[in-house]
Amino acid sequence: MVKVMVIDDEQHCIDHVVELLASYKEEYVLVATAKTVADALKIAKEQRPDLVFLDVQIGPNTGFDFLEQVGPASFDVIFTTAYDRYALKAIKFSALDYLLKPIGTKEFATALERFKTHTTQHMAQRIAVLLQNMEHQNALKKITVPTSEGYEFLEVDQILRCEADKNYTHIHLKNGKKITVSKTLKTFEELLATEQFFRVHNSHLINLNEVKKYVKGKGGYVIMTNNHSIEVSTRRKEQFLERLKR
């Protein structure tokens with residue numbers, strides 16, 4: 001049985017998760033709930049849950065405060081939150097899961113399915129990336145990417161470009177290393193769009209800080225700092241040139 005803990009400062013939100021969880025009583029057992037970070041810390045150490053539904057905002061504190069103080073995590077985390085653009089971005093960068101309130105039945109079921117495929121391996125590092133990124137309110141510095149071997153923890157500014165390969169993405173780093181991830185390029189486009197990355201072509205998302213030269217043409221092409229040339233599609237050319245001016 002998977003031991004579950006729910007941490008939220010609003011009782012009706014706790015009740016809703018407990019109600020949703022009741023449909024999965026053959027596999028999941030609720031071992032505790034908490035409405036403050038202080039209580040959550042004490043109970044988590046006693047109950048040792050396998051899965052924690054964690055609210056982002058817990059009274060005057062946050063779920064991030066809980067993670068920072070609880071020590072190395074031996075449990076998986078699913079965040080529950082009302083829309084918070086920055087918090088959600090940090091969570092996504094860390095390859096952690098989340099549910100938007102109000103939580104729907106279908107979304108809850110999908111989150112549990114994802115949990116089954118998760119591993120707590122590298123959880124401490126993933127949470128460390130999350131906490132580090134939360135400290136940098138102006139720019140997220142690290143990203144966690146799942147690979148066939150586990151997870152890679154990358155400095156965002158070390159990513160030179162991302163290249164599409166059907167349902168896979170090849171991440172090319174400045175040091176010449178290539179990491180292949182079973183996620184589409186669109187996933188990384190959405191994740192990195194505000195981090196000085198731009199999709200210049202259906203197959204290429206580039207780090208604008210690493211563009212050495214733009215060569216004019218119908219769409220033209222860019223030369224990156226490693227001297228690799230990448231085509232700019234005609235329909236993306238105008239927007240691309242505007243981004244370069246920023």
Side-chain angles (χ1 to χ4, degrees), residues 56 64 79 81 83-98 122 125-147 151-246:
V56 167
F64 309 118
F79 285 96
T81 179
Y83 182 74
D84 180 328
R85 183 180 64 84
Y86 188 81
L88 289 181
K89 186 178 178 184
I91 291 166
K92 289 177 182 178
F93 261 56
S94 308
L96 294 167
D97 206 356
Y98 69 92
H122 304 300
Q125 294 100 312
R126 288 155 66 192
I127 288 174
V129 168
L130 171 67
L131 296 175
Q132 179 179 327
N133 286 338
M134 286 303 297
E135 292 177 4
H136 299 281
Q137 295 291 326
N138 295 325
L140 298 176
K141 301 297 183 183
K142 278 192 173 182
I143 185 172
T144 301
V145 294
T147 68
Y151 291 91
E152 291 270 357
F153 303 95
L154 309 176
E155 296 282 350
V156 171
D157 63 6
Q158 294 303 304
I159 300 174
L160 187 70
R161 63 187 177 94
C162 300
E163 179 184 6
D165 183 2
K166 296 180 181 177
N167 290 325
Y168 291 83
T169 297
H170 303 300
I171 301 175
H172 298 268
L173 303 180
K174 288 163 65 174
N175 63 8
K177 184 177 180 180
K178 182 177 78 172
I179 298 168
T180 299
V181 183
S182 60
K183 290 184 179 294
T184 63
L185 186 62
K186 184 174 177 58
T187 300
F188 289 98
E189 180 185 15
E190 293 172 350
L191 205 57
L192 297 170
T194 59
E195 297 294 322
Q196 279 303 109
F197 282 77
F198 186 83
R199 190 165 180 172
V200 293
H201 188 277
N202 280 343
S203 300
H204 294 285
L205 177 73
I206 65 171
N207 185 340
L208 295 176
N209 291 331
E210 297 300 318
V211 173
K212 185 166 71 173
K213 184 179 181 180
Y214 169 70
V215 180
K216 293 180 180 179
K218 188 175 180 180
Y221 63 93
V222 294
I223 299 175
M224 306 299 289
T225 52
N226 68 345
N227 292 319
H228 189 94
S229 298
I230 298 173
E231 180 185 353
V232 177
S233 72
T234 305
R235 68 185 184 88
R236 297 175 189 268
K237 175 181 176 180
E238 186 175 340
Q239 190 180 357
F240 166 65
L241 293 176
E242 283 298 317
R243 279 294 300 272
L244 278 183
K245 294 175 184 176
R246 293 183 188 178

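Here the side chain of R236 pairs no donor or acceptor atom with the backbone of Q239 at under 3.5 angstrom. Remark: the backbone N or O of H204 is not paired with any side-chain donor or acceptor of R161 at under 3.5 angstrom. A donor-acceptor contact shorter than 3.5 Å is absent between the side chain of K92 and the backbone of Y98. Although no hydrogens or angles enter the test, the distance criterion places a donor-acceptor pair under 3.5 Å between the side chain of T169 and the main chain of L185.
For the atom pair K174 NZ and Q158 CD, the distance stands at 4.5 Å (nearest 0.5 Å). Put simply, CD on E163 and NE2 on H201 are 10.5 Å apart, with the number rounded to the nearest 0.5 Å. Separation of atoms CZ (F64) and CE (M134) is listed at 4.0 Å; rounding is to 0.5 Å. Here the straight-line distance linking atom CD1 of I127 with atom CG of L96 works out to 6.5 Å at 0.5 Å rounding. Within the model, atoms NZ of K237 and OH of Y214 stand 4.0 Å from one another, a figure rounded to the nearest 0.5 Å. How far CD1 of I179 is from CG of L173: 4.5 Å, rounded to the nearest 0.5 Å.
Residue-environment remark: CG (N175) exceeds the threshold of 12 foreign heavy atoms within 6.0 Å. Other residues, nucleotides and ligands contribute at most 12 non-hydrogen atoms within 6.0 Å of the NZ atom of K213. Open room surrounds OH on Y221; 12 or fewer heavy atoms of other groups in view lie less than 6.0 Å from it.
Paired with K142 under the rule side-chain contact (heavy atoms from CB on, under 4.5 Å), one option of D157, N133, L130 passes, and it is N133. Just one residue in the list L205, V211, V222, I223 forms a side-chain contact (heavy atoms from CB on, under 4.5 Å) with I230, and that residue is V222. Each of I159, V200, V232, L160 was scored for a side-chain contact (heavy atoms from CB on, under 4.5 Å) with I206, with one residue passing: V200.
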**Study point:** Worked check of side-chain contact (heavy atoms from CB on, under 4.5 Å) between V56 and I91
**Key:** CA-CA 10 Å; V56 167; I91 291 166; 4.3 Å; yes
Review point. Going through the checks in order, is the side-chain contact (heavy atoms from CB on, under 4.5 Å) test met by L208 and F240?
Key: CA-CA 9 Å; L208 295 176; F240 166 65; 3.6 Å; yes
Review point. F198 and L244: side-chain contact (heavy atoms from CB on, under 4.5 Å), yes or no, with the steps?
Key: CA-CA 10 Å; F198 186 83; L244 278 183; over 6 Å; no
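When all heavy atoms of L191 and K89 are compared, the pair lying nearest together is O-CE, 4.2 Å. Here the shortest heavy-atom pairing between H170 and H172 reads O-CD2, 3.6 Å. K183 approaches P146 most closely through the heavy-atom pair CE-CG, 3.7 Å.
The shortest distance between side-chain heavy atoms of F153 and R126 falls below 4.5 Å. In this structure the side chain of T187 never reaches within 4.5 angstrom of the side chain of V181, judged on heavy atoms.
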